[in-house]
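What follows is one structure encoded as structure tokens, with my remarks underneath.
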Amino acid sequence: MAGNARDPGVSVAARLLALLGVFDEKAPALTLTQLADGAGLPIATAHRLVRELVDWGALVRAEDGRYMVGRRLWKLGLLAPDQSDLRTVASPFLHDIYGATLATVHLAIRDGDEVLYLDRLAGHASVPAVSRVGARLPLHATGVGKVLLAYAPREVHDRVLRSLTRITPYTVTHPGKLENELRRVHREGYAQTVEEMTLGACSVAVPIRGGDAHVLAALGIVVPSFGRDRTRLVAALQVAAQGIERSLRKGGFH
């Protein structure tokens, strides 16, 4: 398609889609030149079309001049059947957890080597929050991320463990230690973090399985500290996850 995109007969829509198609998991932020080269467009044409995409909200321009997918495009993506159905089914269970704990509740999936947050209910407790709907965060430093990493394909698992970045002084960056935690997810059914993503925030999370028993999402709670509540929080998450799984099976969701 790149070669054809320089053909004057190619439609504007095709050129816009070519620009958007340059983005992928390995290239979430791109310069104008990279976009033009990837789409096979002259730089002037790419500049004009990218400006239109930014004006519409499909792309945003970062401070370093690179472009990223915008929230408006993200919101459209949420209308895709899989994500829309999952959020719809999970929503009442998230509200149940919130009502029982008054803690921040997350629903997330794995998108490449990152956590993608599909839904979030903010808790009453004063917990520093970096998550938001549509945000992407590291798999190794979040509760929901550790759950999803524990069940990720081997190539994802190996790639993430080769590049463990330190976000706070408590982030687990030793591959052997993280491996032990991921094994515990399989053994005990939940993951936890203690100030690994944000100081003053701890989390627990459990898997949500699809109809064929594969893990398709994670459900998590963020609190200032666990105290004696960790067991109760995990139990609440597991009950909710089982309810979501039953609803997904009834709806034929895989």
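Positions are given from 1, in the same order as the sequence printed here.
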*Which pair of heavy atoms, one from T171 and one from T165, lies closest together, and at what distance?*
CG2-O, 3.5 Å
*Can you tell me how far CG of D64 sits from OG1 of T31, rounded to the nearest 0.5 angstrom?*
9.5 Å
*Between E195 (side chain) and G200 (backbone), is there a donor-acceptor pair under 3.5 Å?*
yes
*Nearest heavy-atom pair of L107 and I208: which atoms, and what distance?*
CD1-CD1, 3.7 Å
*asked:* To the nearest 0.5 Å, what is the distance between CG on L149 and CG on D113?
replied: 9.0 Å
*How close do A217 and I109 get, heavy atom to heavy atom, and via which atoms?*
CB-CG2, 4.0 Å
*Going from OG on S91 to CG on L118, what distance comes out if it is rounded to the nearest 0.5 angstrom?*
12.0 Å
*Which atom of V185 lies closest to which atom of V147, heavy atoms considered*: CG1-CA, 4.3 Å
*Is any side-chain heavy atom of L94 closer than 4.5 Å to a side-chain heavy atom of L219?*
yes
*Are side-chain heavy atoms of V222 and T198 found at a separation under 4.5 Å?*
no
*Partner of Y151 under side chain to side chain donor-acceptor pair (under 3.5 Å), chosen from H157, R110, R209*: R209
*Does any non-hydrogen side-chain atom of V69 lie less than 4.5 Å from one of L20?*
no
*So does H186 have more than 12 non-hydrogen atoms from other groups sitting under 6.0 Å from NE2?*
yes
*Can a salt bridge be assigned to the pair E52 and R15 using a cut-off of 4.0 Å between side-chain N and carboxylate O?*
no
_Nearest heavy atoms of G143 and T193, plus distance in Å_ = N-CG2, 3.4 Å
*asked:* V172 and side chain to side chain contact (heavy atoms under 4.5 Å, CB included): which single residue from H140, R166, K146, E179 fits?
replied: K146
*May I ask you to test the Y67-L30 pair for a side-chain heavy-atom distance under 4.5 Å?*
no
*Which value, rounded to the nearest 0.5 Å, describes the distance between L148 atom CG and L182 atom CG?*
11.0 Å
*If every non-hydrogen atom of L137 is compared with every non-hydrogen atom of M197, which pair is closest and at what distance?*
CD2-CE, 3.9 Å
*Which ILVMFWY residues can you reach from M68 by hopping between side chains whose heavy atoms are under 4.5 Å apart?*
V60
_Tell me whether the NZ or CZ atom of R232 lies within the 45° cone about the ring axis of F226 and under 6.0 Å from its centre._
no
*What distance separates C202 SG from D229 CG, expressed to the nearest 0.5 Å?*
11.5 Å
_Within the 4.5 Å heavy-atom criterion, are P175 and L164 side-chain neighbours or not?_
yes
*With rounding to the nearest 0.5 Å, note down the distance linking CG in L16 to CG in L53.*
5.0 Å
*Would Y98 and L237 show up in the same hydrophobic cluster when neighbours are defined by side-chain heavy atoms closer than 4.5 Å?*
yes
*Side chain proximity check, L233 to R230, heavy atoms < 4.5 angstrom*: no
*Can you tell if the side chain of L199 reaches within under 4.5 Å of the side chain of P169, non-hydrogen atoms only?*
yes
